[in-house]
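Per chain, numbering begins at 1; letters A, B, ... match sequence-line order. Worth saying up front: this structure is predicted, and the values here are computed from it rather than measured.
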There are 2 protein chains.
Amino acid sequence: MQKLTTQRQAILDVINLSDKHWDADEVATALKERNNPIGIATVYRGLAALAELGLIESIQLADKKRYERASKDHHDHLVCQVCGMIEEFCKTEIERLQEIVAREHGFEIQDHQLLLFGICKSCKTGEK
Amino acid sequence: MQKLTTQRQAILDVINLSDKHWDADEVATALKERNNPIGIATVYRGLAALAELGLIESIQLADKKRYERASKDHHDHLVCQVCGMIEEFCKTEIERLQEIVAREHGFEIQDHQLLLFGICKSCKTGEK
DNA sequence: TTTAATATTGATAATGATTATCATTTGCCC
DNA sequence: GGGCAAATGATAATCATTATCAATATTAAA
């Protein structure tokens, strides 16, 4: 179960194109522009399948899910509320503290998500 | 702007009833059961207004927003993927590290959300 | 207090992301 | 080479949330 079909490879290629955080619609549009249109339902299923295979990663924002290429080390995200830009950061110390919290609660962590919302550097300095 | 109408006070009362994390529909149902039905659109707007006034707090889960009563200290959440239970925890050290990350990126934090997904104590020990 | 401006309510329609349905196609195993 | 399991794609359905809008309530001003 969960095959890497030609459609899913095309989706994977698109996501690996850049370090953008793609939503399903953007992936579908990019595929259309590459003259390889894929049905939107297939895009959704393909993204879910690729994430399950560990070939891409996902973050859940308030309104929609976004996908990015898989990276070696786990990271979390800064989300600019002005321009929508998403930056990444690693902080192993935070991960360690999360484990401590979990232990205190008898909780077994399987996944986590840390989002920092605010204003990014370029929006703060008024750049375009 | 943003008045504390009788409807909004009723919504606030419901949320202050317990330390549950309510979604809009549950609040509307609770109000109906108390013989004080309030239109669902008004419930949504009321919850948003109360959160803006700082009288309640919200967390954004994958599918929906949930509201809880306001607490003195900021806290984050453990979400059990088996039973759906939501626990809270405080870890000021994590908050401090978030600020350090932000400074490193020239980012100004306005809000944040940390969710730990996994299996809670009682689900792990097989309780009911 | 009347009047005017403003915000709220509630029923319902609209939106938007995502999932379900289902007939058709593809790929693989024996 | 037929059959089973999974995938595809068009489209309908779902579900939380927001928009619309007429009716009502509240506040401020005259």
Mind checking B/Asp23 for me? I need base, sugar-phosphate or nothing, with any heavy atom below 4.0 Å counting as a touch. nothing
Whole-Å distance, A/Asp63 CG to D/dT18 C1', equals 13 Å
Tell me whether the OP1 or OP2 atom of D/dA25 has a side-chain N or O from B/Gln7 closer than 4.0 Å. no
Return the nearest nucleotide to the side chain of B/Ile38; candidates are D/dA16, D/dG9, C/dG10. C/dG10
Output the rounded distance in Å from CG (A/Leu4) to C1' (D/dA6). 14 Å
Rounded to whole Å, CG of B/Leu47 lies from C1' of D/dT17 at a distance of 12 Å
With no hydrogens and no angle check, just 3.5 Å: does a side-chain donor-acceptor pair link B/Glu68 and B/His77? yes
Does the side chain of A/Tyr44 get closer than 4.0 angstrom to OP1 or OP2 of C/dT18 through an N or O atom? yes
Checking D/dT27, D/dT8, D/dA16 against the side chain of A/Thr5 (C-beta onward), the nearest is D/dT8
Expressed in angstrom and rounded to an integer, what is the separation of A/Ile40 atom CD1 from D/dA7 atom C1'? 16 Å
Whole Å only: how far is the CZ atom of B/Arg45 from the P atom of D/dT18? 11 Å
Could you give me the CA-CA distance, side-chain angles and deciding distance for B/Asp25 and B/Tyr44, then say whether side-chain contact (heavy atoms from CB on, under 4.5 Å) is met? CA-CA 9 Å; B/Asp25 222 57; B/Tyr44 272 101; 5.8 Å; no
B/Thr42 has its side chain closest, among D/dA16, C/dG10, C/dT18, to C/dG10
note: B/Lys3, atom NZ; D/dA28, atom C1'; distance rounded to Å ~ 11 Å
Would you call B/Glu108 and B/Arg103 a salt bridge, taking side-chain N to carboxylate O under 4.0 Å as the test? no
Result for 5'-nearest mapping on DNA chain D, choosing between B/Ala41 and B/Thr6, is B/Ala41
CD/A/Gln81: more than 12 non-hydrogen atoms of other groups inside 6.0 Å: yes
Roughly, in whole Å, what's the span from CZ in A/Arg66 to C1' in C/dG16? 14 Å
Determine: side-chain N/O of B/Lys64 to OP1/OP2 of D/dA16, distance under 4.0 Å, yes or no. yes
What integer distance in Å separates A/Leu50:CG from D/dA7:C1'? 13 Å
Is a donor from one side chain sitting under 3.5 angstrom from an acceptor on the other, for A/Glu88 and A/His21? yes
Would you indicate what B/Asp25 reaches in the nucleic acid, counting non-hydrogen atoms under 4.0 angstrom: base, sugar-phosphate, or nothing? nothing
